[in-house]
Protein chains: 2
Amino acid sequence: MASVRLVTLKALHGSTSSLFNLTQSLRPLTQFSTIRAFSATMSPPSTAVVYENQGPPDAVVRVIEVPPVEIKEKDVCVKMLAAPINPSDINRIEGVYPVRPQVPAVGGYEGVGEVHSLGSAVTGLAPGDWVIPSPPSFGTWQTYIVKEQSVWHKIDKSTPMEYAATATVNPLSALRMLEDFGNLKAGDSIVQNGATSIVGQCIIQLAHTRGIHSINIIRDRAGSEEVKEKLKKLGADEVYTESQLEVKNVKSLLTSVPEPAVGYNCVGGNSASLVLKFLRQGGTMVTYGGMSKKPVTVPTSAFIFKDLSLRGFWLQKWMSSDKAMECRNMIDYILGVAREGKLTYEMELVPFNDFHTALDKSLGKLGSQPKQVIKF
Amino acid sequence: MASVRLVTLKALHGSTSSLFNLTQSLRPLTQFSTIRAFSATMSPPSTAVVYENQGPPDAVVRVIEVPPVEIKEKDVCVKMLAAPINPSDINRIEGVYPVRPQVPAVGGYEGVGEVHSLGSAVTGLAPGDWVIPSPPSFGTWQTYIVKEQSVWHKIDKSTPMEYAATATVNPLSALRMLEDFGNLKAGDSIVQNGATSIVGQCIIQLAHTRGIHSINIIRDRAGSEEVKEKLKKLGADEVYTESQLEVKNVKSLLTSVPEPAVGYNCVGGNSASLVLKFLRQGGTMVTYGGMSKKPVTVPTSAFIFKDLSLRGFWLQKWMSSDKAMECRNMIDYILGVAREGKLTYEMELVPFNDFHTALDKSLGKLGSQPKQVIKF
């Protein structure tokens, strides 16, 4: 049991010395204030979205009060400003994600906050600075987080809050995939399915800023013409619905862009096959999602004679690699593009009090909704 | 038409000056001996397996007499000794191979011959030397071939003729695939399906000589225990039938070898899925055939969370790359291993007169048969 609790508390507050708080944290906050008075080295109490068991998110998460924790000399106490509900956060709570925090745990994996107070040995940060956990880490759905300074990356405060809160999981995945495969350069082109996803929209825009053309595949749906127009405004060169691609040779549709060297697949099934059909000889398809829950099916000739490579991308694995130190420079780049207005995607900022509504929206209970970003 | 004939004659004799021979080659040979007498610069007449149109091999190939051609100063005239009927030769005649000679063409792609006579500018070769076309080239199913010296690679005459004739297409594919993927070294392991194929047997043996373990998947069939014993004698560490692998976790079967870093797939369908299941985190599956004519199906999680890479291998493409100059060193290595008796596979040497029977056997009309190697 000890090890479970240790991990959990690190997730909660990043401080192994706070072990005693775990069992207390499930009691009403009022009990604590009588046990331990605040001091200069303690954080404020925090309000957190916690789950004690994996399961359906709307059934297992609870908003609870977490007592103050000690701010040690290298620690920074951050008052969270905003944090998104990403699909991977949902999957972690459901217990279907390959890597997940041990329960009980606080939800969330990225976000932005403001420095509230500092341990005595912290330099280079001041109260009021904006920081993000970088690499991202578990437990951003709470009002105060205490973690060592090394966890935090100071960012430009003129960044729109919702972009600062969401820069890592989706835009960084998009940028990383543009960087890591096929040695793409201006004039090249890429093809992707799931182009309306946030990663998809980021790929369009970040490719566009580099002079890389994008060919985009979307589901057949009501209003697909409006969706096409919207993606083209973001910089998409070509947008097709899946049914438009029921032709003998999809490449014959390409008139103004070269055959793509790299494809991105977050859907699987027929939609992945369409990406493969567009790829040029020797091209690479990168799978980073499986929204249709269908596998990727590939004729053997595509490997042998078309020399295609199929790869995968998982941000969390990349974060744990020795390349992860590039992460902060890339985040700064992304936030700069966002500040220039060249990276946009739809989000809804939701007061923390309405967390359960935001969760229901993220679970798809209320139809198609923009990404929910909790504002603390 | 001129360009077609030019290519064809290059395939027949490698000599562009023999253009006039093409239309004559379909007339009875007796007509020619009256037109043009032999001279010191002419090859002997050749007997060749020719097809004028792509189609079912037993319907379209004919054995014809081809008149003598001029041996120019840089040319070597080679009396062919032996050449195999490979599945890819069949596919080229059928017209289902992505790269195929223009018709009319002589069949065959690899083989071994003996130097018969030399152009005046040829050095380093003498009559009686054994040579193979390296990289291999079209038109080895004929008794005499005239091509420039650069086409020919002199080999050790103590090599068993049938191994010299077949070293390129199958053993070189096996060696190349062991070299090019996953940075394999002694103590690693690989997994493959289609392990009884000649490439499969070569992979087992060449891996074994390098201290690389092999896990082998074979079809369920009568006599599978004997097949397992035979493959183990070649050096296979583990051999499983597909039905033996209908278990929850195939890796639990591995007791003495590590999880494989690289898998080789020449089957597709379920058999390819079994290869994928054996692969370790971050492993690579190389597809080089599709015997079941079924596609490769991959769950998206295998790309994202297991970080598998799927690639293809095609010898003919590799041959046309800038790496192809390594080819001759690798062939020498393979022939050395064969001379030591450490690379063996079943073949049947068939007199050229029985070509049509050998072709029927290669087409599977007479049940399972060893590889057919024509002896001229």
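Fair warning: this is a prediction, and the values are worked out from it, not measured in the lab. Labels below follow one simple rule: chain letters A, B, ... track the order of the sequence lines, proteins then strands, and each chain is numbered from 1.
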**Report entry** Parallel, tilted or perpendicular, as decided by the 30° and 60° cut-offs, for the rings of B:F313 and B:F181
**Finding:** perpendicular
Query raised in the report: Which of the residues B:L308, B:V296, B:D307 is involved in the greatest number of heavy-atom pairs with chain A at under 4.5 angstrom?
Result: B:V296
Query raised in the report: Hey, is the main chain of B:P258 close enough, under 3.5 Å, to the side chain of B:K251 for a donor-acceptor pair?
Result: no
**Report entry** Donor-acceptor pair, side chain of B:N193 and main chain of B:C266, under 3.5 angstrom
**Finding:** yes
Query raised in the report: For B:K306, is it the side chain, the backbone, both, or neither that has a heavy atom closer than 4.5 Å to a heavy atom of chain A?
Result: neither
Requested in this report: Specify the closest pair of heavy atoms between A:A236 and A:I204, including all atoms of both residues, with the distance to one decimal.
Outcome: N-CG2, 3.3 Å
Query raised in the report: For B:Y288, is it the side chain, the backbone, both, or neither that has a heavy atom closer than 4.5 Å to a heavy atom of chain A?
Result: backbone
Query raised in the report: Counting heavy-atom pairs under 4.5 Å to chain B, which of A:G290, A:P299, A:A272, A:P98 comes out on top?
Result: A:P98
